[in-house]
Amino acid sequence: MTERDFLQDETIFALSSAPGRAGVSVLRLSGPESGDVLKSVTQSKLPEPRRASLRTVYDLDGVMIDRPLVLWFPAPKSFTGEDCAEFHVHGSVAILEAMARCLTEAGLRQAKPGEFTRRAVERGKMDLTEAEGLADLIDARTQGQRIQALQNMEGALRETYEGWQSLLLDALAQIEGEIDFADEADVPDALSHAAYPYLTQARDGMAALLAQGDKGRAVRDGIQVAIVGAPNAGKSTLLNGLVGRDVAITSPQAGTTRDIVEAQTVIAGLPVTFSDTAGLRETVDSIEAEGVRRALARAEDAHLVILVEREGLETASHVEENIVFRNLAGEIDGRVEENGDISGNALKNIGLDALLGKLESLILERYAGLESAALTRVRHVNCIEVAHSSVEMALSRLGSEPELSSEDIRNALISLEELAGRSDMEQVFDRIFSSFCIGK
Ligand SMILES: Nc1nc2c(ncn2[C@@H]2O[C@H](COP(=O)(O)OP(=O)(O)O)[C@@H](O)[C@H]2O)c(=O)[nH]1
Ligand SMILES: [Mg+2]
């Protein structure tokens with residue numbers, strides 16, 4: 001028995017709702033002792049599975065703690081796949097403390113962070129990408145994040161890579177058939193040829209998903225918008241106007257902003273962080289020069305860049321911008337010019353609606369409404385990139401070196417198993433061998 005198997009046999013509990021005073025707080029149990037502990041602390045028989053029942057909970061001395069709703073989820077139909085129970089107690093600090101003491105005395109252990117979900121993954125209730133989706137759903141602050149997280153939690157990415165796995169296993173079965181039975185007369189010469197369509201379909205699917213680039217990560221982590229331009233162009237004034245708060249110091253003195261000033265907002269249901277930066281100019285002041293260096297680096301890393309221009313001011317360095325805001329003097333109409341630039345007056349909040357409208361349409365166009373699975377982590381991109389290049393390699397030597405080609409396909413499958421959070425290849429081998437027979 002490994003240490004992990006041993007740990008899995010432990011029954012754990014945790015407060016699953018937020019800590020502190022609340023109308024109701026939920027305590028969750030998972031592991032083989034869940035049912036016995038539920039019976040003993042309620043001094044009654046187990047409730048009907050998955051039905052809320054009112055019970056009294058007693059401590060070890062037989063003194064009442066609270067009268068909660070309790071639920072019993074016998075394995076495997078539970079969140080973790082183990083026996084689970086829930087107590088919906090009144091949410092007071094004193095009740096939670098008494099419950100924790102009572103459950104600890106009954107032999108249960110406090111769960112570690114993420115331990116319920118980890119058990120769910122290890123028991124096959126969900127794969128790693130679904131668990132990541134669940135974590136993102138709990139962290140979601142905007143509607144766009146919620147929608148993206150739900151898709152992955154519901155298995156969008158899992159279904160996608162399972163489709164590729166199936167194609168790769170079919171391809172492998174064809175190739176192995178040719179290698180193993182090459183001497184037999186009834187096997188067609190170019191059985192491996194039959195593997196082409198499977199491999200190209202898997203390759204194209206991976207390429208299409210990789211083509212979404214950093215979309216999924218931008219939604220999960222937030223969209224970075226850098227505000228750059230010459231000193232005194234009105235960048236800090238613009239930032240304050242955009243978020244409706246006085247976050248950055250503004251002054252007629254050139255070189256006021258040196259550190260990056262960030263402010264958050266929500267556009268098109270997605271979290272957006274604006275970064276106000278030091279004005280771009282040649283300077284002998286070493287602190288300001290560091291500010292300029294940071295400004296350029298931020299513009300480089302940002303998803304979108306707003307360049308603020310003001311008459312008579314030169315922007316010293318070239319920056320790839322997405323939107324130009326022309327900060328004009330006087331009572332003018334804020335508007336979108338023919339070339340797409342926005343004219344306005346940052347100090348008087350003129351043209352900010354036009355600017356926000358343009359930002360919103362750019363964000364919608366680039367980052368919103370992912371209909372397929374989302375690559376929300378670098379891990380996802382890495383696994384799929386390796387799988388993709390392995391399949392490319394397999395295709396390139398399918399005709400000449402089928403043995404090596406099948407090795408490439410196995411490597412692609414290993415990367416997808418990694419994406420799934422499973423390194424156990426047994427399932428894959430089962431599939432390979434059963435397909436193998438069909439080929440015959
Ligand atoms: N007249 C006028 N003054 C502005 C406008 N925007 C900013 N300012 C002023 O120009 C000065 C520099 O603005 P600031 O936002 O600090 O520029 P930054 O260096 O680009 O951050 C401040 O005194 C602002 O009040 C504008 O649209 N019109
Ligand atoms: Mg400034």
Side-chain angles (χ1 to χ4, degrees), residues 114 117 121 126-164 205-228 239 242-244 260 262-276 297-306 320-323 355-388 415-416 418-421:
T117 311
V121 172
M126 60 177 86
D127 80 338
L128 194 51
T129 67
E130 290 165 334
E132 288 166 334
L134 170 60
D136 290 347
L137 184 63
I138 291 168
D139 287 335
R141 285 171 289 122
T142 73
Q143 298 309 315
Q145 290 179 313
R146 176 181 64 78
I147 291 163
Q148 173 168 292
L150 261 177
Q151 281 176 343
N152 276 8
M153 188 188 83
E154 291 292 302
L157 192 46
R158 177 183 190 148
E159 279 160 27
T160 306
Y161 74 69
E162 280 178 354
W164 300 334
M206 291 173 191
L209 204 61
L210 288 170
Q212 65 170 247
D214 62 356
K215 235 173 164 177
R217 274 173 292 153
V219 172
R220 174 169 177 258
D221 303 331
I223 294 158
Q224 297 288 337
V225 179
I227 302 174
V228 300
L239 172 74
L242 284 172
V243 298
I260 287 170
E262 292 189 342
Q264 261 117 31
T265 186
V266 176
I267 298 177
L270 300 178
V272 170
T273 302
F274 288 112
S275 299
D276 177 27
R298 182 58 62 100
E300 184 72 28
D301 293 344
H303 298 107
L304 296 169
V305 174
I306 300 172
E320 272 311 310
E321 83 275 351
N322 304 96
I323 302 177
L355 176 57
L356 284 169
K358 176 138 191 195
L359 264 178
E360 179 168 16
S361 51
L362 271 179
I363 288 172
L364 281 171
E365 182 187 310
R366 296 187 182 193
Y367 300 106
L370 266 186
E371 266 144 45
S372 60
L375 306 180
T376 54
R377 285 158 170 80
V378 177
R379 186 184 90 72
H380 300 163
V381 177
N382 290 346
C383 289
I384 298 173
E385 273 174 357
V386 173
H388 179 260
S415 295
L416 296 180
E418 221 174 280
L419 178 62

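The residues of the chain are indexed from 1 along the displayed sequence. These numbers come from the heavy atoms of this one structure, side chains and all, not from hydrogens, waters or symmetry mates.
Sequence neighbours left out, the pairs with a member in residues 218-228 that pass salt bridge (Lys or Arg N to Asp or Glu O under 4.0 Å) are D136-R220. Each salt bridge (Lys or Arg N to Asp or Glu O under 4.0 Å) pair with one or both residues in residues 137-154, not counting sequence neighbours, would appear here, but there are none. Under the side-chain hydrogen bond (donor to acceptor under 3.5 Å, both in side chains) criterion, the residue pairs touching residues 264-275 are Q264-T273, S275-R298, with sequence neighbours excluded.
How far CZ of F274 is from CD1 of I306: 5.5 Å, rounded to the nearest 0.5 Å. The CG atom of L137 sits 10.5 Å away from the CD atom of Q145 when rounded to the nearest 0.5 Å. Atom CD1 of I223 and atom OH of Y367 lie 6.5 Å apart (nearest 0.5 Å). Atom CG in D214 sits 12.5 Å away from atom OG1 in T376 (nearest 0.5 Å). If you take CG on D276 and CG on L239, they are separated by 5.0 Å, rounding to the nearest 0.5 Å.
Using a 4.5 Å heavy-atom threshold, the side chains of E132 and N152 count as separate. A heavy-atom distance below 4.5 Å is found between the side chains of R366 and L304. Under the 4.5 Å side-chain criterion, counting only non-hydrogen atoms from C-beta, T117 is in contact with M126. Residues E321 and V228 are not in side-chain contact: their nearest non-hydrogen atoms beyond the backbone lie 4.5 Å or more apart. Looking at V378 and R217, their side chains come closer than 4.5 Å, going by heavy atoms from C-beta outward. In this structure, L419 and L128 have side chains that are not in contact, with every pair of non-hydrogen atoms separated by 4.5 Å or more. With contacts defined as side-chain heavy-atom distances shorter than 4.5 Å, the pair V225/I267 does not qualify. T142 is not listed as a side-chain neighbour of V219, based on a closest heavy-atom distance of 4.5 Å or more.
Taking both residues in full, the closest heavy atoms of Q224 and A302 are given as O-CB, 3.6 Å, listed atom of the first, atom of the second, then distance. Nearest heavy atoms, A299 versus V305: O-CG2, 3.5 Å. The two residues A374 and Q212 come nearest to each other via the heavy atoms CA-OE1, 3.7 Å.
In this structure, the side chain to side chain contact (heavy atoms under 4.5 Å, CB included) partners of A387, at least two apart in sequence or on a different chain, are M206, A412, S415, L416. Among residues two or more places apart in sequence or in another chain, the side chain to side chain contact (heavy atoms under 4.5 Å, CB included) test is passed with E159 by none.
Heavy-atom neighbours of E300 CD from other residues, nucleotides or ligands within 6.0 Å: at or below the threshold of 12.
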Under 3.5 Å, which donor-acceptor pairs link side chains of residues 355-363 to any protein atom two or more places apart or in another chain?
{"residue": "K358", "atom": "NZ", "partner": "G340", "partner atom": "O", "Å": "2.9"}
{"residue": "S361", "atom": "OG", "partner": "G357", "partner atom": "O", "Å": "3.3"}
{"residue": "S361", "atom": "OG", "partner": "K358", "partner atom": "O", "Å": "3.1"}

